[in-house]
Amino acid sequence: MAIQGRLRLAALALALTALAGAALAAEPAKAVTSKPQTDKPLGVIELFTSQGCSSCPPADEFFAELAGKDDIIALAYHVNYWDYLGWQDTLSTKENTERQYDYMRAFGSRSVYTPQAVINGRSHVNGASRKDVDGALARMDRTGEGMRVGIKVSRTSDRVMIDAGDAGNGPSDAHVVIVYFDPPQTVKIGQGENSGRSLTYWNAVSDIQTAGMWHGKAQRYELPMTEIAKKGGCAVLLQSVGKDGMPGPILGAAFIRKPDRL
């Protein structure tokens, strides 16, 4: 299933309003978190992992470090195709698996694997390899394939504002994607390749929604705070989409709400 078909518009649930980039909020806004947040993080890491895969725990441990960094948007997508080995991943969804298959097609690959880390929607490496992940982030930052569009997040008592910047002479179209994820949690694995182990998982994606379109110019999007507060955490991705509907490069990203402890 292509990303355009899978990521549903959240008009009713999110009551999204797109405003001109120069528009000002009616009431003063304050930062979503107490820590300062850059509008252009170093990059986005999407880890495809499974509780039933014996090769995944080292990647999950490394991912926990990445999830704690303020300049990295780290999202873990638990997939379900290893469930046949005897343990059903408690955090997996078919949508997560479909997103990985969409990336496979976008990259022209013939198969999927875990642990796979997709960097900025542009390339993939072994998610357990610190050298490969760090190297890909550094290379893309150096060559202009990092976060090219600034995204700032602020809030009032009842609203969250997402301000996407201007692309200048850069790309002109992308989806505004809201990715919800669970707070960190420890799972005791009862069967399968990791039977008997207790593993802690960070930023496990639970839902993905397309909240609007961005057309290269500064624009504001609003979400109700009540919707955000229901979730463990969430991030916004400004992701281009190919003509075939497959996911493309991520141009900008930010955390809207980031849990920081167990």
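Every value quoted in this text rests on a predicted model; they were computed, and no experiment measured them.
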*Report yes or no: do Val118 and Val112 belong to one cluster of Ile/Leu/Val/Met/Phe/Trp/Tyr joined by side chain heavy-atom distances under 4.5 Å?*
yes

_His175 vs Trp214 side-chain heavy atoms within contact, under 4.5 Å_ = no

*Would you please indicate if the ring centroids of His78 and Tyr201 are separated by under 6.0 Å?*
yes

*State, to 0.1 Å, how close Gly127 and Ala117 come at their nearest heavy-atom pair, and which atoms those are.*
CA-CB, 3.7 Å

*Would you say Asp132's side chain and Val125's backbone share a donor-acceptor pair under 3.5 angstrom?*
no

*asked:* With clusters defined by side-chain heavy atoms of hydrophobic residues (ILVMFWY) lying less than 4.5 Å apart, directly or transitively, does Tyr84 cluster with Tyr101?
replied: yes

*NZ/NE/NH1/NH2 to OD/OE distance under 4.0 Å, Asp163 and Lys152*: no

*Report yes if some heavy atom in the side chain of Met147 is under 4.5 Å from a heavy atom in the side chain of Leu251; otherwise report no.*
no

_Are the side chains of Ile228 and Tyr180 in contact, using a 4.5 Å heavy-atom criterion?_
yes

*If only atom types and distance count, is the side chain of Ser50 paired as donor or acceptor with the main-chain N or O of Gly52 below 3.5 Å?*
yes

*For Asn203 and Phe255, run side chain to side chain contact (heavy atoms under 4.5 Å, CB included): C-alpha distance rounded to whole Å, both residues' side-chain angles, the deciding distance at 0.1 Å, then the answer.*
CA-CA 11 Å; Asn203 299 6; Phe255 281 116; 4.2 Å; yes

_Side-chain heavy-atom pair Thr49, Asp60 within 4.5 angstrom cut-off_ = yes

*Might you work through the salt bridge (Lys or Arg N to Asp or Glu O under 4.0 Å) test for Asp102 and Arg99, ending with a clear yes or no?*
CA-CA 5 Å; Asp102 282 347; Arg99 183 165 176 82; over 6 Å; no

*Go through the steps for Val187 and Leu199 under the test side chain to side chain contact (heavy atoms under 4.5 Å, CB included), then give the verdict.*
CA-CA 5 Å; Val187 177; Leu199 301 171; 5.8 Å; no

*Do Ser92 and Thr97 have side-chain heavy atoms sitting under 4.5 Å apart?*
no

_Side chain Asp244, main chain Met246, donor-acceptor under 3.5 Å_ = yes

*List the steps and the verdict of ring pair (Phe, Tyr, Trp, His ring centres under 6.0 Å) for Tyr103 and His124.*
CA-CA 9 Å; Tyr103 270 130; His124 62 96; 9.3 Å; no

_Residues Leu223, Ile178; criterion side chain to side chain contact (heavy atoms under 4.5 Å, CB included); working and verdict_ = CA-CA 10 Å; Leu223 308 177; Ile178 309 298; 4.2 Å; yes

_Is it true that Gln185 and Thr200 share a donor-acceptor pair across their side chains at a distance under 3.5 Å?_
no

*asked:* Donor-acceptor check, side chain of Gln239 to backbone of Gly248, threshold 3.5 angstrom: yes or no?
replied: yes

*Salt bridge check: are Glu145 and Arg139 linked by an N-O gap of less than 4.0 Å?*
no

*Would a distance-only check, ignoring hydrogens and angles, find a side-chain to backbone donor-acceptor pair under 3.5 Å from Ser195 to Gly190?*
yes

*Check step by step if side chain to side chain contact (heavy atoms under 4.5 Å, CB included) holds for Asp83 and Asp89.*
CA-CA 6 Å; Asp83 290 358; Asp89 191 307; 3.9 Å; yes

*asked:* Side chains of Lys258 and Asp70, heavy atoms from C-beta outward: is any pair under 4.5 Å?
replied: yes

*Determine, using the 4.5 Å side-chain heavy-atom cutoff (strictly less than), whether Met104 and Ile250 are members of one ILVMFWY cluster.*
yes

*So, Asn194 side chain and Cys53 main chain: donor-acceptor pair closer than 3.5 Å or not?*
yes

*Find out if a path of hydrophobic residues (ILVMFWY) with successive side-chain heavy-atom gaps under 4.5 Å connects Phe62 to Tyr113.*
no

*Heavy-atom distance under 4.5 Å between the side chains of Leu47 and Leu66, does that happen here?*
no

*Please say whether more than 12 non-hydrogen atoms of neighbouring residues, nucleotides or ligands are located less than 6.0 Å from CD in Glu193.*
yes

*What are the two closest heavy atoms between His215 and Met213, and how far apart are they?*
NE2-CB, 3.7 Å

*Student check: side-chain heavy atoms of Val236 and Tyr221 closer than 4.5 Å*: no

*asked:* Donor-acceptor check, side chain of Asp71 to backbone of Pro41, threshold 3.5 angstrom: yes or no?
replied: no

*Going by distance alone, is a donor N or O of one side chain under 3.5 Å from an acceptor N or O of the other, for Tyr77 and Glu46?*
yes

